[in-house]
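Reckoned from all heavy atoms, side chains included, excluding hydrogens, waters and symmetry mates.
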Amino acid sequence: MSELYGAAYFLRQNALKLHVEWIQANEFNYSHPKLADKTAVVIVASLSGETKESVHAIKNAKSLGCHTIALTHVPESNLTKDADYTVVHSFFEDYASKAAKQKDALGLAVELLQQVEGFDLYKEMKQGIDVVDDITNFAADSVKKEAIEFGTKYKDESTIYTLASGANYGVGYSTANFIFMEMQWISSPILDSGEYFHGPFELTVKDAPYLLFMSDGKTRHLDARALEFFQKYNAKYTVIDAKDFWLDSKMDSDVVDYFDPLVLTGVMRVYAEELSKARKHPLSKRRYMWKLENY
């Protein structure tokens with residue numbers, strides 16, 4: 001779900017006629033939007049292609065007459081059986097491949113928008129898709145020192161508040177839910193940088209632990225305002241700033257918002273690896289996943 005966020009955000013920002021919904025697979029199974037009919041394209045993502053809720057979601061979408069696309073790493077998985085089309089993404093090859101599902105979903109969104117109603121920055125988006133992997137791998141290779149410092153700094157924390165805005169909210173959501181809570185057993189509320197000031201900032205006290213993903217695009221002001229507050233009240237914070245990786249030197253600045261999440265995903269994977277080493281808690285360690293039936 002988190003890796004489909006960037007594609008949904010892109011369409012919400014740019015579509016004039018297309019409607020877009022971003023919905024959890026099992027919620028779709030029990031409460032689908034009325035828009036899910038023969039006019040709809042439903043994209044369902046699962047790394048293994050065997051996530052039960054996702055497999056059921058694509059079956060349900062098909063029964064409703066929707067056009068279905070499976071987005072998975074495994075071409076012959078159960079997710080693909082009821083799909084009209086399958087897009088197979090990479091995952092293990094390098095740091096950029098950790099964001100391959102996001103990139104392919106974004107590519108689908110760009111093509112859908114162009115074919116249905118046209119998009120004036122279509123060429124710029126295509127060019128960004130062509131170069132973003134190289135940017136991501138370069139960025140990931142450049143942050144080893146900072147990632148080691150991050151691991152040392154946060155290894156004893158039981159809570160880390162994660163903030164992001166705009167297209168990067170999906171990266172924050174993924175980091176909080178899956179890297180911190182699933183893989184490291186660290187509580188991590190995920191906060192929108194703008195919404196942070198509508199209540200959650202009350203928990204910002206000296207040494208309160210925060211991770212902020214900072215945008216290089218239109219919502220940067222929201223992130224900068226949160227950072228200023230961390231500094232004012234002496235919070236314990238780390239910033240992963242997309243601007244540090246010079247995306248706009250390789251692609252048009254008008255589309256950089258939509259590629260920040262891909263680069264930040266690759267970079268965050270390096271941070272996660274170093275955090276897991278510092279905590280002596282491998283990223284593959286689980287209490288329940290893969291160990292309990294039906295979970």
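- The shortest side-chain heavy-atom distance between Asp134 and Lys250 does not fall under the 4.5 Å cut-off.
- When all heavy atoms are compared, the tightest approach of Leu212 to Asp223 is CD2-O, 3.6 Å.
- Judged purely by distance below 3.5 Å, without hydrogens or angles, the side chains of Tyr5 and Gln102 never pair a donor atom with an acceptor atom.
- Taking the side chain as every heavy atom from C-beta outward, Phe28 and Glu21 never approach each other to under 4.5 Å.
- For Asn168 against Ser215, the heavy-atom pair with the smallest separation is ND2-CA, 3.5 Å.
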- Start with the C-alpha distance between Arg225 and Glu228, add both sets of side-chain angles, then the distance that settles salt bridge (Lys or Arg N to Asp or Glu O under 4.0 Å), and finish with yes or no. CA-CA 5 Å; Arg225 187 175 177 224; Glu228 182 180 345; over 6 Å; no
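- Side-chain contact between Gln115 and Glu111 is present, with at least one heavy-atom pair separated by less than 4.5 Å.
- Partner of Tyr210 under the side chain to side chain contact (heavy atoms under 4.5 Å, CB included) criterion, out of Thr159, Ile160, Thr204, Leu227: Thr204 alone.
- Residues Asp254 and Asp252 approach most closely at N-OD1, 2.8 Å, considering heavy atoms.
- Between Lys277 and Glu273 there is no salt bridge, since no side-chain nitrogen of the basic residue lies less than 4.0 Å from a carboxylate oxygen of the acidic one.
- For OH of Tyr122, the number of neighbouring non-hydrogen atoms (other residues, nucleotides, ligands) closer than 6.0 Å is greater than 12.
- Taking the six-membered ring where the residue is Trp, the centroids of Phe230 and Tyr196 are separated by under 6.0 Å.
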- Item | Met268/Ile179 under side chain to side chain contact (heavy atoms under 4.5 Å, CB included): CA gap, chis, key distance, verdict | CA-CA 9 Å; Met268 186 60 215; Ile179 290 177; 3.8 Å; yes
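- The environment of NZ in Lys236 is crowded: more than 12 heavy-atom neighbours from other residues, nucleotides or ligands sit within 6.0 Å.
- Checking side-chain atoms of Glu93 against main-chain N and O of Phe91 turns up a donor-acceptor pair under 3.5 Å.
- Applying the 6.0 Å contact sphere to CH2 of Trp185 captures more than 12 heavy atoms from other residues, nucleotides or ligands.
- Classification of the Tyr173-Tyr169 ring pair by plane angle, with boundaries at 30° and 60°, yields tilted.
- Leu35 and Thr39 make their closest contact through O-OG1, 4.3 Å (heavy atoms, listed as atom of the first residue, atom of the second, distance).
- Between Phe119 and Phe10, the gap from one ring centroid to the other is short of 6.0 Å.
- No chain of hydrophobic side-chain contacts below 4.5 Å, direct or via other Ile, Leu, Val, Met, Phe, Trp or Tyr residues, connects Val270 to Ile148.
- In this structure, Asp260 and Gly217 approach most closely via the heavy-atom pair OD2-N, 3.9 Å.
- Side-chain contact between Met183 and Arg286 is present, with at least one heavy-atom pair separated by less than 4.5 Å.
- Using a 4.5 Å heavy-atom threshold, the side chains of Glu117 and Leu18 count as touching.
- Closest approach of Gly49 to Val55, counting heavy atoms only: O-CG2, 3.7 Å.
- Surrounding OH of Tyr288 are at most 12 heavy atoms belonging to other residues, nucleotides or ligands under 6.0 Å away.
- Side-chain atoms of Glu53 and His56 form no donor-acceptor pair, as typed in the model, at a separation below 3.5 Å.
- Using a 4.5 Å cut-off on side-chain heavy atoms (C-beta onward), Phe245 and Val143 make contact.
- For Lys62, the NZ atom sits in a packed shell: over 12 heavy atoms of surrounding residues, nucleotides or ligands are nearer than 6.0 Å.
- Tested against Ile43 for a side chain to side chain contact (heavy atoms under 4.5 Å, CB included), the candidates Thr68, Ile69, Ile58 yield a single pass: Ile69.
- Using cut-offs of 30° and 60° on the angle between ring planes, the pair Tyr258 and Tyr9 is tilted.
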- Task: Apply the test salt bridge (Lys or Arg N to Asp or Glu O under 4.0 Å) to residues Asp241 and Arg220: give CA-CA distance (whole Å), side-chain angles for both, the deciding distance (0.1 Å), then the verdict.
- Result: CA-CA 10 Å; Asp241 190 347; Arg220 186 175 179 83; 2.9 Å; yes
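- Side chains of Ser46 and Thr51: a donor-acceptor N/O pair is present below 3.5 angstrom, by distance only.
- Looking at heavy atoms from C-beta onward, Phe259 lies in side-chain contact with Leu106 at the 4.5 angstrom threshold.
- Looking only at distances, no side-chain donor or acceptor of His281 sits under 3.5 Å from a matching main-chain atom of Ser276.
- Of the possible donor and acceptor atoms, one in the side chain of Thr72 sits under 3.5 Å from a partner among the backbone N and O of Leu47.
- For the pair Lys206 and Tyr233, the NZ or CZ position fails the cation-pi test of under 6.0 Å to the six-membered ring centre and within 45 degrees of the ring normal.
- Between the side chains of Tyr154 and Gln184, no donor N or O sits under 3.5 Å from an acceptor N or O.
- Between Tyr271 and Thr175 there is no side-chain heavy-atom pair separated by less than 4.5 Å.
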